[in-house]
Protein chains: 2
Amino acid sequence: MVKKTRSPQRREDSLSRDRIVDASIELLDSAGEGGLTFRALSERLATGPGAIYWHVANKGDLLVAACDAVIAGVMAEVAAAPLDANADARAGAQSPEDTIRALALGMFDAMDAHPWIGSALFQSAGALPTVRLFECIGQQVRALGAPAAGQWSATSALLHYILGVGGQNAANRLSAQTRALDREDFLGEVADTWSALDERDYPFTRSVANQLRDHDDRGDFLAGIDLILGGIQRSTETKARKR
Amino acid sequence: MVKKTRSPQRREDSLSRDRIVDASIELLDSAGEGGLTFRALSERLATGPGAIYWHVANKGDLLVAACDAVIAGVMAEVAAAPLDANADARAGAQSPEDTIRALALGMFDAMDAHPWIGSALFQSAGALPTVRLFECIGQQVRALGAPAAGQWSATSALLHYILGVGGQNAANRLSAQTRALDREDFLGEVADTWSALDERDYPFTRSVANQLRDHDDRGDFLAGIDLILGGIQRSTETKARKR
DNA sequence: ACCTGAACACCGTTCAAGT
DNA sequence: ACCTGAACACCGTTCAAGT
C-alpha cells in the first residue's frame, strides 16, 4: 500500500520475521509493554493472528527478538563510535574505561527510548541479547588488565548493575505513564511521599528526598559505573601489591 | 479500625488483606509467577473472585503487597541478626560493610527462595518494598562515613546491583523451570551454547563458558557487592586526600 | 509454503444482587 | 460492611481449511 517495490520477488506486504519484529518494536514504543498483542500486531500487519505464528514461536520469542534487535543496534553503535566527537578528534583509541562508559550510556539511552527493554531483558535471561551485552563488557574488562580470576565477577557486576538501573527506570516510566504524569511531576510526587515518611523509620530516605526531586538520572547512572570501575581498579592494585 | 483486637472477633475463615497476601505468597511460591490468579486465589480462599477486590485494589497492588511482606521480613532479620553467629559471639557491633553484606545476602536468599520477587520489585518501582531496601542500605552507607555528596549514588548503585542480580536470577529460574531443568542442567546447557558461539564474535563469552558451569551464584553476587564497596571506599579516600 | 479466521481456554475486573 | 458469581472484554494459542 505505502512503500514502493524493492525486490519484487515477494509481495511487498508479505510477512517475514523481520517485518513482524519491526512492527512489534513500533507497537511497544508507542503503546507500551501492554501494547504488544497478537491482535493489534496482526491488524497493523493486515493479517490474522494465526499468521504470525508461522514466523514466530510465541510471544516470549517475539519479545526477545524485538529486544535483541535494539540491543544489537546499540552494540554496533558503541563499537563504531567513540564516546563523543571531541575525544575522537583528539587522539586515536579511547581507554577501556571510556568504552565501558560509552557502552553503559548507550544502554541507558536505549532503555530510556524503549522502556519495555528493561523488563524484556529480564525475560530473556541467558538469551542472545544478554550475551551480546556480556561479551561487549567482558572484552573491555579484559582490556582493562584485570586479573583473569576477577574478570568474570567484574563483568557480571557491570552487567547486573546496568540491567538493574534499566529495569528500575523502566518501572518508573511505566508507573508515571499509568498515572499520566510527566517525569518531573512523578519525581515530585515520589519525593513528597519520601518527605512524609516517618522520621524514625526512614531517616536516610527522608534526608535525600530533595536530591531525588531534581537529580540527573544519567549522571547518577554513570556515577554507579564509575564506582564499580573504581572497585575493579582497586582490586587490581591490591592483587598487584601482594605479588 | 484495623487491628484493634487480635482475638477472634471474626469468623476464622473471614477474608482480610493479610490472609489474601499470605495465600498469594503461597501461590506464587508453589506455582510460579503465572500461578497468581484471582480465580486460583479465590478457590484457595473459598470465595468468589470479586470478594478479593474488597480488600485489594487490583493485581498489581496485590503483587506489591506480597513482595513487601517478604522484603519487610528480610529487613527485620538483617536488623536483628548479625552476619553469622561467630561474628556475633566475638564482639559487639559489626562494621557497616558487614551489615551491607548481610543485607545483600539476605536479599539474595529471599529472591532465591521466592523467585517471583525479582520481577515484582520491578513492578513496584518507587513503592514501599524498594524504599525499605533503599533506607536500609542508605543507613549503612552513611555509617560508612562516605561524603554526603556520594551517599546517594553509592546507595543507588548498591540497590540497583542487588535488584539486577535478583531479577536476572529469577529469570534464569523461570527459564529453567519452563524447560523442566534443574539448576545444574540449565547451567550446563547455557554453557554449551556459549561454547558453541563464534570465536570471532564472542571470544570473551566463550572463554568463560566453563566458569559458568560450576560457578557459585552467591559468591559471585558477594564479589560484586565487594567491588562496589571497594569503589565507595576508594572514592572516599580520594576525596579525603584532596582536602 | 504460507495465510485465514473461527474457536478454545483462559485472564483481570465489574457489578447487581444478596447477607 | 462484606461477599457472591455471572458477565464482559480481553488475551495467547491452535488448527482445520484455504491458496
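Quick caveat, the model's predicted, so the values are computed rather than measured. Side-chain atoms are counted along with the backbone in the values below, which use heavy atoms only and exclude waters and symmetry mates. Throughout, protein chains are lettered first and strands after them, A, B, ... in sequence-line order, and every chain is numbered starting at 1.
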> What is the nucleic acid contact for B/L36, judged by heavy atoms within less than 4.0 Å: base, sugar-phosphate only, or nothing?
Replying inline: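 Answer is sugar-phosphate: B/L36 comes under 4.0 Å of backbone atoms only.
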> Among A/D217, A/D29, A/D182, A/D112, whose salt bridge (charged side-chain N to carboxylate O under 4.0 Å, His left out) with A/R173 holds?
Replying inline: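 So the option named by the test is A/D112.
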Which donor-acceptor pairs under 3.5 Å do side chains of residues 62-71 of chain A form with protein atoms, sequence neighbours excluded?
from	atom 1	to	atom 2	distance (Å)
A/D68	OD1	A/R132	NE	2.8
A/D68	OD2	A/R132	NH2	2.8

> What interatomic distance, in whole Å, is found between C1' of C/dC2 and the corresponding atom of D/dA17?
Replying inline: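 Result for the C1' pair: 13 Å, nearest Å.
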>> Suppose you measure atom C1' in C/dC8 against the same atom in D/dC11; what distance do you get, rounded to whole Å?
In response: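 To the nearest whole Å, 12 Å.
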>> Show the nearest heavy-atom pair for residues B/A40 and B/G35, with the distance to one decimal.
In response: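 B/A40 and B/G35 have their closest heavy atoms at CB-O, 4.1 Å.
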Say whether, by atom type as modelled, one donor and one acceptor occur between the side chain of [X] and the main chain of [Y] under 3.5 angstrom.
X	Y	answer
A/S24	A/I20	yes
B/S16	B/R19	yes
B/S175	B/A171	no
B/H215	B/Q211	no

So which protein nitrogen or oxygen atoms get under 3.5 Å of nucleotides 16-19 of chain C's nitrogens or oxygens?
none

>> With a 4.5 Å cut-off on side-chain heavy atoms, are A/F108 and A/L222 touching?
In response: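 Not in contact.
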[atom1] of [X] versus [atom2] of [N]: gap in Å, rounded?
X	N	atom1	atom2	result
A/E43	D/dG12	CD	C1'	17 Å
A/L63	D/dG12	CG	C1'	14 Å
B/I20	D/dC2	CD1	P	11 Å
B/L45	D/dC2	CG	P	16 Å

Could I get a table of every N or O pair under 3.5 Å where one atom is in the protein and the other is in nucleotides 13-15 of chain D?
from	atom 1	to	atom 2	distance (Å)
D/dT13	OP2	A/Y53	OH	2.7
D/dT13	OP2	A/K59	N	2.9
D/dT13	O5'	A/Y53	OH	2.9

Would you please confirm or rule out a distance under 4.0 Å between OP1 or OP2 of [N] and any side-chain N or O of [X]?
X	N	answer
B/T37	C/dC11	yes
B/H55	D/dA1	no
A/W54	C/dC3	no

>> My understanding is that only one of A/I25, A/L174, A/L36, A/L27 makes a side chain to side chain contact (heavy atoms under 4.5 Å, CB included) with A/W116; could you say which?
In response: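 So, applying the side chain to side chain contact (heavy atoms under 4.5 Å, CB included) to A/W116 and each of A/I25, A/L174, A/L36, A/L27, only A/I25 qualifies.
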Using a 3.5 Å cut-off and no angle test, enumerate the donor-acceptor pairs between side-chain atoms of residues 196-204 of chain A and protein atoms at least two apart in sequence or in another chain.
from	atom 1	to	atom 2	distance (Å)
A/D198	OD1	A/R200	N	2.9
A/D198	OD1	A/D201	N	3.2
A/E199	OE1	A/R206	NE	3.2

>> Could you spell out the base pairing of DNA chain D as a dot-bracket line? Use Watson-Crick and G-U wobble contacts where both distances are under 3.5 Å, [ ] for crossing pairs, | for partners on a different strand.
In response: ||.|||||...|||||.||
> With sequence neighbours left out, what residues match A/Q151 under side chain to side chain donor-acceptor pair (under 3.5 Å)?
Replying inline: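 Listed in chain order: nothing, the list is empty.
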